[in-house]
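A quick write-up on the structure given underneath.
So that the names make sense, note that chain A is the first sequence line, chain B the second, and so on, each numbered from 1.
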There are 4 protein chains.
Amino acid sequence: MMVEIGRPRDPRIDSAVLEATAELLGETDYASLSVDAIAKRAGTSKPAIYRRWPSKAHLVHEAVFPVTEYTELPSTGSTLGDVREMMARTFALLTTPAALAALPGLVAEMAVDSTLHAALLERFVDVLSHGLDDWLETARKRGEVRAEVRPADVIDALAGIIFLALITHPETLDEAWMDRTAEFIARGISA
Amino acid sequence: MMVEIGRPRDPRIDSAVLEATAELLGETDYASLSVDAIAKRAGTSKPAIYRRWPSKAHLVHEAVFPVTEYTELPSTGSTLGDVREMMARTFALLTTPAALAALPGLVAEMAVDSTLHAALLERFVDVLSHGLDDWLETARKRGEVRAEVRPADVIDALAGIIFLALITHPETLDEAWMDRTAEFIARGISA
Amino acid sequence: MMVEIGRPRDPRIDSAVLEATAELLGETDYASLSVDAIAKRAGTSKPAIYRRWPSKAHLVHEAVFPVTEYTELPSTGSTLGDVREMMARTFALLTTPAALAALPGLVAEMAVDSTLHAALLERFVDVLSHGLDDWLETARKRGEVRAEVRPADVIDALAGIIFLALITHPETLDEAWMDRTAEFIARGISA
Amino acid sequence: MMVEIGRPRDPRIDSAVLEATAELLGETDYASLSVDAIAKRAGTSKPAIYRRWPSKAHLVHEAVFPVTEYTELPSTGSTLGDVREMMARTFALLTTPAALAALPGLVAEMAVDSTLHAALLERFVDVLSHGLDDWLETARKRGEVRAEVRPADVIDALAGIIFLALITHPETLDEAWMDRTAEFIARGISA
DNA sequence: GCTTAAACGAGACGGTACGTCACGTCTTCTA
DNA sequence: TAGAAGACGTGACGTACCGTCTCGTTTAAGC
């Protein structure tokens with residue numbers, strides 16, 4: 001049992017920093033975001049930040065993808081409908097102002113920092129794949145999804161297509177595109 | 001017709017710099033790549049580089065994705081076979097040592113620099129979509145591809161899935177993964 | 001009263017930089033003196049230097065003309081003797097290796113940077129005119145110096161003549177020249 | 001006899017460059033004056049300039065102190081009057097807009113470039129000392145100037161005092177200052 | 001009138017330093 | 001020991017100017 005010694009950390013700093021980070025990411029991109037600016041906006045100091053997160057990237061990752069309660073994948077009754085719902089969730093996750101500003105930068109840092117890589121993956125897979133195993137199992141039993149389709153493949157497709165589309169042609173991601181893409185993925189995994 | 005005036009640029013510098021950049025990207029990642037180091041390796045100077053490319057990102061983009069001769073999409077006779085071939089090409093394009101090192105960084109800079117965004121897209125779409133229109137048209141006529149599938153959708157799927165897989169779990173991208181993914185995409189666009 | 005807050009500056013850096021600057025000025029001229037080299041020699045960094053001095057010129061000025069203890073103008077009993085002593089001091093001040101190397105460059109920067117101009121003048125006048133007012137007063141009372149001679153005029157003459165001679169014909173500044181010039185100045189201010 | 005071969009130099013370029021240099025020195029200081037800007041203003045090119053002058057400093061030196069006709073030192077009848085006239089001439093030479101802007105810079109370059117040093121001295125001594133030998137000789141014969149006073153000493157005093165005063169307190173160089181200084185110098189050389 | 005050779009404009013070149021910026025760490029004082 | 005403040009080393013950024021070079025073109029003098 002770890003005994004806490006000395007002055008305890010002020011939990012208000014944690015949230016103030018996360019909020020400040022998300023706010024600032026709504027105003028500038030990842031590269032122009034400085035830790036000094038975050039500290040100032042949060043009314044704290046750089047060392048207090050580095051005591052909590054090992055690097056700017058880790059902080060941003062946590063600010064952009066906060067740990068949230070899982071909500072069950074609602075069953076719409078059809079494969080297409082369920083895929084459409086998963087897409088909507090993934091899309092929502094990736095298109096908050098903070099996520100839009102931070103994602104490219106995080107991707108760059110991921111490639112260099114393996115601890116960030118791991119953290120980012122875990123957080124992501126957690127959120128996106130939650131309930132996916134069960135859903136796939138059920139759909140497979142109904143004969144609607146091929147046996148060899150793996151959860152990771154579905155995430156690759158969902159997240160990969162949305163991510164690439166977001167960074168290359170965000171202006172064309174309308175309802176029609178969502179529909180076409182859902183149809184594409186649903187057929188891709190169908191028996 | 002633009003008339004050349006003044007001392008012409010030394011074309012050997014262009015190629016030496018591009019080569020040096022690609023070489024260095026085989027040794028370090030994008031962030032650790034300095035323009036000074038490129039200049040030194042290429043036997044030239046920083047100003048000579050900035051005279052040719054507006055930023056490090058533009059230079060890297062050109063070094064990593066050189067303009068190449070287009071080769072026709074070979075028809076294997078089946079949709080699946082053709083998709084598998086397109087995947088192989090896209091995969092090859094994205095997994096040169098230089099591309100692996102540079103891609104995350106380029107994605108980050110793309111988000112900030114719109115001229116780079118445009119340049120990168122043009123280069124990419126050029127290479128990947130070459131012949132795709134015709135191929136889709138033909139496949140559509142044979143009744144193998146749905147009418148609403150667009151070339152851009154195919155590129156999103158191909159490049160998006162491969163890119164995300166590369167930056168998240170490159171170690172699992174074996175032949176089996178390529179096969180499953182080709183199957184997925186082929187079914188996704190099929191009638 | 002200013003309260004010090006945050007990490008205090010390391011005073012060893014101040015002195016190491018000043019020493020390094022003076023040393024390097026003994027080896028090269030002002031123009032070839034780079035801030036990078038100073039930082040390296042002093043075992044510190046460029047930002048640490050620019051935190052302390054607003055420009056290379058301000059740093060050099062302080063390194064070349066350090067604030068020193070004032071020593072009284074010793075009275076030799078005669079106007080000529082006292083002038084000769086003042087000349088010797090001015091000459092010593094301007095002919096340290098660092099001063100010889102730096103002075104022309106400082107003069108050039110003075111013309112451009114008004115803050116440097118002010119700083120350089122203050123330092124100079126401080127050192128050269130210290131005790132001069134009293135000396136002139138005394139000499140005037142003895143009837144040896146004309147009433148209208150001002151301290152600034154004496155400094156102009158002393159420093160101006162020595163400076164111009166130094167930059168135009170340093171090789172001829174022997175004892176005889178010093179004697180002739182002291183005689184010239186002593187007569188110039190005499191009643 | 002050197003035979004001219006090839007296209008002769010365009011003499012209009014010489015004068016256009018000198019004029020442009022003097023003009024620009026009325027607008028900025030020596031350091032901010034670029035050879036590119038001179039070439040542009042003169043409607044010519046950098047190589048044409050470097051064909052004529054070995055460095056920026058040499059060009060500026062010639063632009064600021066053009067070779068002029070010597071005018072005799074007018075005898076005012078008194079030592080003081082003659083010295084006052086010499087001061088006026090020296091002052092005029094050093095206070096053209098171009099000279100004011102260029103002098104500090106030239107002094108700095110002089111210290112580094114020995115060919116410039118020589119050129120600048122020759123030009124200066126030529127102008128200032130012209131007729132001085134004769135004048136001194138005459139004054140000496142009249143018993144008004146001490147035997148050991150040398151022409152170079154007079155130039156040191158005249159130019160040194162004016163130069164230092166110009167770069168340190170130009171705003172106080174009024175008629176009264178000129179009078180006091182002429183008196184000082186006249187007494188300094190008097191028997 | 002043709003040849004010759006250098007001057008010309010434009011601008012690229014290598015070199016070198018500039019002053020700035022942000023990162024993540026360290027050091028001080030205070031709570 | 002946390003916290004605020006801010007200095008620290010590191011290392012790269014993009015810019016500026018120097019004086020030289022390499023082009024293609026123009027200009028005069030000599031044959």
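Partners of B:Ala101 by side chain to side chain contact (heavy atoms under 4.5 Å, CB included), not counting sequence neighbours, listed by chain and number: B:Leu25. Residues satisfying the side chain to side chain contact (heavy atoms under 4.5 Å, CB included) criterion with B:Thr115, sequence neighbours excluded, are B:His58, B:Asp113. Considering only residues two or more places apart in sequence or on other chains, D:Ser32 meets the side chain to side chain donor-acceptor pair (under 3.5 Å) condition with D:Asp29. Partners of B:Arg12 according to the side chain to side chain donor-acceptor pair (under 3.5 Å) rule, which considers only residues two or more places apart in sequence or in another chain, are B:Asp10.
Atom CH2 of C:Trp53 is separated from atom CG of C:Asp14 by 5.0 Å, given to the nearest 0.5 angstrom.
In this structure, D:Ile5 places its CD1 atom 16 Å from P of E:dT3, rounding to the nearest Å. We find that CZ of D:Arg12 is positioned 11 Å from C1' of F:dT27, with the value rounded to whole Å. In this entry the distance linking CG of B:Asp10 with C1' of E:dA10 reads 17 Å, nearest Å. The nearest whole Å value for the distance from the CG atom in C:Asp14 to the P atom in F:dA7 is 12 Å. One interatomic measurement links the two molecules: NZ of D:Lys40 to C1' of E:dG11, which rounds to 13 Å at whole-angstrom precision.
If you check residues 42-59 of chain C against DNA chain E, the residues with a heavy atom closer than 4.0 Å are C:Lys46, C:Pro47, C:Tyr50, C:Lys56, listed by number. Within residues 23-39 of chain D, no residue approaches DNA chain E, by heavy-atom distance under 4.0 Å.
Of all the heavy atoms in A:Leu116 and A:Ala57, the pair that sits closest is CD2-CB, 3.4 Å. Nearest approach of B:Ala111 to A:Pro104, heavy atoms of both residues: CB-CG, 3.6 Å.
Heavy-atom distances to DNA chain F give each of D:Arg7 and D:Glu109 a nearest nucleotide, and the one nearer the 5′ end belongs to D:Glu109.
For the pair B:Lys56 and B:Tyr50, the cation-pi criterion (under 6.0 Å, within 45° of the ring axis) is not fulfilled.
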